[in-house]
Every structure is written in structure tokens, then in C-alpha cells.
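Right, one structure below, let's go through it.
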Amino acid sequence: MKRDPVHLTTDVLVVGAGAAGMYAAIAASREGADVVLVDKSLIGRGGATIMAQMTVSAALGHQAPDDWTKHLADTLTAGRGLCDERLAAILCEEAVDRILEMDSWKVGWAREDGHMKQVTAPGHSAPRCVYVDFLNTGPAVARCLRGQVAKADSIARISGVAIIDLVLNDGVVSGAVGYNIEDGTPVTIAASAVVLAGGGLTGIYRRNSASANMGGHAYALALRAGARLIDMEFVQFFPIGHLAPRLVGMDPIMWDPFRYKLGGRLLNGQFEEFIHNYGAEDSGKYTAPRDVTSFAIVQENEAGRGSPHGGAWLSFEHVPEAELRTAFGPVIEKLLENGIDLTQQAIEVAPIAHYHMGGVQVDAHMETNIPGLYAAGEAVGGANGANRLSGNALPEAFVFGERAGRFAAAAVGGQTSAWDLKSAQAALEMLDARSGKETSFPSSGSAYQGLAAELRELMWDKVGLIRTEESLNEALIRIRAMQKELATASAPVAAAFDLSLADWYDLRDSLLAAESVALAAQRRSESRGAHWRADFPLTDPELAMNLTISLSGDGLETNWQEVGRR
Ligand SMILES: Cc1cc2nc3c(=O)[nH]c(=O)nc-3n(C[C@H](O)[C@H](O)[C@H](O)COP(=O)(O)OP(=O)(O)OC[C@H]3O[C@@H](n4cnc5c(N)ncnc54)[C@H](O)[C@@H]3O)c2cc1C
């Protein structure tokens, strides 16, 4: 049954309502623009933001003297020569304003002796990271921004709508096509500017810290609209994701804040410290960068010195119980409910896919190479280069979100969208074709779960922490075959809350994002930051360049580009 689209018109359309999207909406509305803020999930409750637990870096200098230029120097060092220095400088300088602004909105940053408490995280040269106790940073940030969004009359909030394609008119963005996930109704939105704030891609890996909707959607939307991506090969693996024993109802990366506050000892299967053998220092504190620690754990396992489940031991047994309880209060009780007594036992940890340094290429106004198309948050690439500092992702979402919304609204300046229904026709026809036909797949549940699971395995095994030319070629061949299988798969029977339709569109995006990561990783024949090629173990100074990716009629194309300097 063909359904007429529900049509909306606005000045600025924001796709994704995590921290970046909500901040973009707030900033655009402050500039006087009408905003439509759309999310596949509930506004402010999907994606990574609400999952974040602790660190938000900003050189406030409340704990100890600090300056944003020192934060920048640390960010550039972590980025291994590939940071877009202009974006990194904006991130570090404006993080301070955003943290103070959110403090005025009563987000609840932890305080000590009347000042904001700041802790030191790996790679930072000063105690620089604010947080909300106890492991509550993400929920507090999301609640605070939801509150500000709700206060603005000019922001229309739309939950449960997935954007499936952007619409361009004469090379300029003019809106988007989506559909209502609950009943499949098509939605068209005319907008003079669009901000892509759809988050990252770690959900395409088997072991990940992602929540729903982190399947590379913003990257795929950008590529199909003609925008360039940058640094796609750099996926950050968080070194100490929980591995064993079983942990129910708690986050797999919760050991990070434990280490910020309490240090802890990272030990191999023989209960020996090992990070110093890999060119870093950690003893009792928490200073080794994420890429070094991840590779060290993998190499200890390859050398037969892993923990029983294939990771490393993390021990807080030397920390007095009173100290544990002061630092983590109710969390200690939750751990005990899970049968974990940190005073008596070490737990096992191992790397998991956690964040993506790559993403949509933007200028200092957060605008892409497509006029009117902006991006913000984890969807953006370049600021963090080859490896992100702990605590830099949330400020990236706040700072880039605020800028994207502000500049998008200013550029619109009251102009109406160049919307033309004809330009949206292809996306609407595809949606219509995919809704309500006979299926060759089982008719209950989703038809595409098998393919999605296969993609996650493939990315983990072939495009994961350790890559080779052979593994990357195998991945590319299979990803491209899966794209063909998906394109020709017959559409499922129409149903309310059609999981197959949602999964089909998710998988279309994820396969394109996966192909971009695998292709960029194949082209970068060196090891640098989070990208480790077993067949090219050294860093090649000649490759201190960024790799961009765009989509043409012939498929994905890569180009080397000079690193942006200040
Ligand atoms: C478990 C975890 C812990 C973390 N801890 C920290 C930390 O302590 N400190 C730190 O700095 N960083 C941390 N990070 C990283 C940080 O949280 C993210 O980088 C940041 O929140 C990204 O914000 P965002 O707004 O760009 O994206 P997200 O918060 O992921 O929001 C993206 C939104 O877009 C929506 N969306 C996606 N595609 C579409 C579409 N096609 N149509 C409509 N909507 C769409 C999603 O539903 C989602 O709500 C953590 C991440 C995770 C996963």
C-alpha cells in the first residue's frame, strides 16, 4: 500500500539527538532559527551520549593551573600527527565555555572544596576531566540538554523517525527523507540547512561498547549525499572493556572511571605488570594511552600470557574497601550483587570497539563540502587524528554541536529551502518498494539479523585491532558481496513496527560505513595510533597525511590530503 509522506518544513534539520544534536538544536534556536530535531530513538535517550560515564576534558584550571593550549598539545600528541589542528584547537578552546555553560544549566559537575573537581586521564598533562558522580556523566548531560531543548519553543522534537537519505537540489542540501519506525509512514522534511549528528559506528563490531543506532548512519548519509569522509581507518578500541566474570546491568567500560580515581593494576595471565614492555608506563596509576594498552593486551595473549578468557587481569585488591566505597558508593553494591568483590578478586578485561576518530570532513564552521550540510559530534572526523584522548569525545559533541547549529542558522538567515519533491522521489520510491511485498525470508522478526551478525564478526576478525592486506581484502570482498545480497533481497511483508525494514536500512548504512573503514585501512600501509597493520608494523613518516573517502558512480574513492595546520 502506497502511503503519502508526512511533510514538514523548517530552517534547520538536525539528524540525531545525542549531545551534539541537542546542542546544535539549542544553538540554532538561539540564533532565531526554527529547528526540527529528529532521532530514531527517543530524543536524548539514544546513541552514545547517555552511556558515557565519566570524563569530560576541558582546561578549566580549577584543580590545578591549566590552559587550553596545553590541552591542544596533548590532543595533537595523541593524534600521532594526523589531527586537523584547526578543529583540535576549536575543540580545546571552546570546551571551557561549553562546560561552564552546562554548569550554569545545573548539569551537576562534581565539586570539591567549592570548585569543579577535575581528574587526570591517560594522555592528559594536567587534572582536566570533569564528571558527574557516580558514573552518571552521560545521563546527567543528556538530562541537562533535554531540559534546554524542551524550553525552546522553536525546536520541534521528533522521536522514532529514521532519516534514510538526504535530499539535494542543484548540489545544495534541501532536506531529507525518513520514515516513522512504528508504522512505516514516509516523512519528508524540507530544510535550508541540515546538521548530521547521527553518532559513530562501533556497533558494526562484534565486541563493542555501543548502544542502539551506532551503525555508521551519519557517515553513510553523508557519503550518499556527496560529502567527503576523513580518517575512516581509525577505530578506537577501548583497552579495558569488561570480559569476565559475567556482569549484568552494568556498562562494559565502567572500569575506566575506576582507574581514573583509583589507579588499579593491569596484569597479564601470570599476574605481572606488562605495559612497560610496550614503551608506556602505568604502574598503579593510569597513564598509558588507549592504543598502546589495547595492542599490549593483544600481544600478551598472542605470546600465551593472557588471562583465562583472552584478556588481562585488572586488580583493585590493594585498594582499601573504604576508599572503594568513597569513590564509587552505590556502584560497589551493584558489583556485589553481580558476585564481584573487588577487595577479594581481580576481574578480566579486554579491548572493545569504543569510538571512531574518523568521520565527515568539515571546515571550521562544521560545514561539509556540500553547501548547507553540516556535521557535529562523533559523526565528524579529523579533530582527534589517529587516536583520541580520553574525555575528548563529549566536549567534541558539545563544541561542534554548538558551532554547527549556530553557523547553520546564521547561514540560513531566513532563506527558504530549495525543496523540490522530485529530488526526493528516488528515496521515496525505494522506501515504497521495500514496504509491503512478499518475502523470501522468515516473516516474523527481522530478516536481516543474520547478515548484521555476520558483518559484526567480519569487522572484528578482519578489520579489527590487527589488520593485514590479506584480511582487509577478504573483508572488502565479503562486504561488497553482502551489499549486493542486500540490494536484491526481496522486501518483507508490511507490518506495524517492521523490524526487517528498519534492519534493511540500518544494514545498508552499516555496510557502506564498514566498506569505508576497510578500504581506508587497506590503503594505509603503516601502523599509526589506533590503526595497526601486522604487515606494516612501523609508522611511515611519508604517510603523515589524511585519507579522504567519497562516493562516486564507480563506488568509493580515496584521496591523500595534507594535514590541516593552524
Ligand atoms: C559506553 C560509552 C562510554 C563513553 N564514555 C565517554 C566518556 O566518559 N567521556 C567522553 O568524552 N566520551 C565518552 N564516550 C564517547 C561519547 O559518549 C560519544 O562520542 C558522544 O556522546 C557522541 O555524541 P553524539 O551526539 O555525536 O552521538 P550520539 O550520542 O551517539 O547520538 C547520535 C544520535 O543519532 C541518532 N541517529 C543515528 N542515525 C540516525 C538516523 N539515520 N536518523 C535519526 N536519528 C539517527 C541515534 O539514535 C542517536 O540518538 C563514551 C561512549 C560510550 C559508547
Side-chain angles (χ1 to χ4, degrees), residues 13-25 36-58 91 95 119 121 129-132 135-138 141-142 145 158-166 176-179 181 187 189 195-203 208-222 236 238 241-242 250-254 256-257 260 352-357 359-360 375-380 384 388-401 404 502 505-506 508-510 513:
L13 166 64
V14 181
V15 181
M22 288 193 283
Y23 230 123
V36 168
L37 175 61
V38 176
D39 202 289
K40 290 164 80 153
S41 302
L42 294 173
I43 297 291
R45 294 181 197 272
T49 299
I50 203 154
M51 309 271 294
Q53 298 194 332
M54 190 145 160
T55 44
V56 187
S57 56
L91 163 58
V119 291
C129 295
V130 299
Y131 58 90
V132 179
L135 305 190
N136 238 339
T137 299
V141 159
L145 294 175
I158 303 181
S159 297
V161 165
I163 297 299
I164 52 174
D165 269 309
L166 300 176
V177 172
Y179 71 95
I181 293 179
V187 178
I189 306 171
V195 178
L196 274 180
L201 57 57
T202 47
N208 66 64
S209 64
S211 66
N213 305 339
M214 293 176 66
H217 309 294
Y219 311 129
L221 285 168
Q236 182 163 70
F238 174 77
H242 187 83
M250 300 185 83
D251 202 288
I253 75 147
M254 60 177 286
D256 209 25
Y260 291 132
I352 51 176
H354 179 55
Y355 172 86
H356 188 217
M357 273 72 74
V360 184
E378 195 167 333
V380 164
N384 294 290
R388 167 179 72 92
L389 272 186
S390 318
N392 262 15
L394 281 170
E396 172 184 61
F398 307 153
V399 169
F400 292 179
Y505 275 108
D506 280 356
R508 179 175 75 138
D509 288 349
S510 295

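Atoms within a ligand are numbered from 1 in the order they appear, just like the ligands themselves. No experiment lies behind these values; they were computed from the predicted model shown.
Residue contact check: Ala162 has heavy atoms under 4.0 Å from atoms 42 (N) of ligand 1. Counting atoms of ligand 1 from 1 in the listed order, those under 4.0 Å from a heavy atom of Gly377 are 26 (O). Contact atoms of ligand 1 toward Ser209: 1 (C), 53 (C) (distance under 4.0 Å to a heavy atom of the residue). Every atom of ligand 1 is numbered from 1 in the order shown, and the set under 4.0 Å from a heavy atom of Tyr355 is 19 (O). Taking every non-hydrogen atom of Gln53 and a distance limit under 4.0 Å, the qualifying atoms of ligand 1 come out as 5 (N), 8 (O). The ligand atoms of ligand 1 that sit less than 4.0 angstrom from a heavy atom of Gly18 are 25 (O), 29 (O), 31 (O), 33 (C).
Taking any N or O of Thr49, backbone or side chain, at least one lies under 3.5 Å from an N or O belonging to ligand 1. At least one N or O atom of Glu378 sits closer than 3.5 Å to an N or O atom of ligand 1. When only interatomic distances are considered, the shortest N/O to N/O separation between His354 and ligand 1 does not fall below 3.5 Å. Considering backbone and side-chain atoms alike, Met54 places an N or O below 3.5 Å from some N or O of ligand 1. On a distance-only criterion, Ala48 and ligand 1 share at least one N/O pair closer than 3.5 Å. Checking only distances, Val15 never comes within under 3.5 Å of ligand 1, N or O to N or O. For Leu394, a nitrogen or oxygen atom sits less than 3.5 Å from a nitrogen or oxygen atom of ligand 1, counting backbone and side chain alike. Between Ala376 and ligand 1, not a single N/O pair is under 3.5 Å apart. For ligand 1, none of its N or O atoms has an N or O atom of Ala379 under 3.5 Å away.
When the options Gly16, Ser57, Ala52 are ranked by their closest heavy atom to atom 6 (C) of ligand 1, first place goes to Ala52. Considering His217, Met22, Lys40 only, the shortest heavy-atom separation from atom 40 (C) of ligand 1 involves Lys40.
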Would Asp256 and Ser390 count as a side-chain hydrogen bond (donor to acceptor under 3.5 Å, both in side chains) if you check the C-alpha gap in whole Å, the side-chain angles of each, and the deciding distance to 0.1 Å?
CA-CA 9 Å; Asp256 209 25; Ser390 318; 5.2 Å; no
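In terms of protein heavy atoms, atom 42 (N) of ligand 1 is closest to Ile163 N, 3.0 Å. Nearest non-hydrogen protein atom to atom 27 (O) of ligand 1 is Gly199 CA, 3.5 Å. What sits closest to atom 12 (N) of ligand 1 on the protein, heavy atoms only, is Ala393 CB, 3.4 Å. For atom 35 (C) of ligand 1, the nearest protein heavy atom (residue, atom name, distance) is Asp39 OD2, 3.2 Å.
Close to ligand 1: Val161, with a non-hydrogen atom less than 4.0 angstrom away. Residue Ile253 places a heavy atom under 4.0 Å from ligand 1.
In this pair, Tyr505 and Tyr179 present their aromatic rings tilted. The plane angle is within the 30 to 60° band.
Under 4.0 Å from ligand 1, the heavy atoms of Ala197 that appear belong solely to its backbone. At a 4.0 Å heavy-atom cut-off, ligand 1 touches Thr55 through backbone and side chain alike. Residue contacts with ligand 1 for Asp251 involve side-chain atoms from C-beta outward but no N, CA, C or O (heavy atoms, distance under 4.0 Å). When non-hydrogen atoms are compared, ligand 1 lies under 4.0 Å from the backbone of Ala20 as well as from its side chain. Contacts of Tyr131 with ligand 1, taken as heavy-atom pairs under 4.0 Å, are absent altogether.
Between Leu196 and Val15 there is a side-chain heavy-atom pair separated by less than 4.5 Å. Contact annotation: the side chain of Ser57 never approaches that of Leu389 to less than 4.5 Å [non-hydrogen atoms, C-beta and beyond]. Proximity of His354 to Arg388: side-chain heavy atoms (C-beta onward) are separated by under 4.5 Å at one or more points. Residues Asn384 and Gln236 have side chains not in contact (no heavy-atom distance under 4.5 Å, counting atoms from C-beta outward). By the 4.5 Å heavy-atom criterion applied to side chains, Asp165 and Arg508 are counted as neighbours. Counting only heavy atoms from C-beta outward, the side chains of Pro252 and Ile352 approach each other to under 4.5 Å. Looking only at side-chain heavy atoms (C-beta outward), Val132 and Thr137 come within less than 4.5 Å of each other. Between Met254 and His242 the shortest side-chain heavy-atom distance does not fall below 4.5 Å.
A donor atom on one side chain and an acceptor atom on the other are found under 3.5 Å apart for Glu396 and Tyr355.
Just one of Leu13, Val14, Ile43 meets the side-chain contact (heavy atoms from CB on, under 4.5 Å) condition when paired with Val38; it is Leu13.
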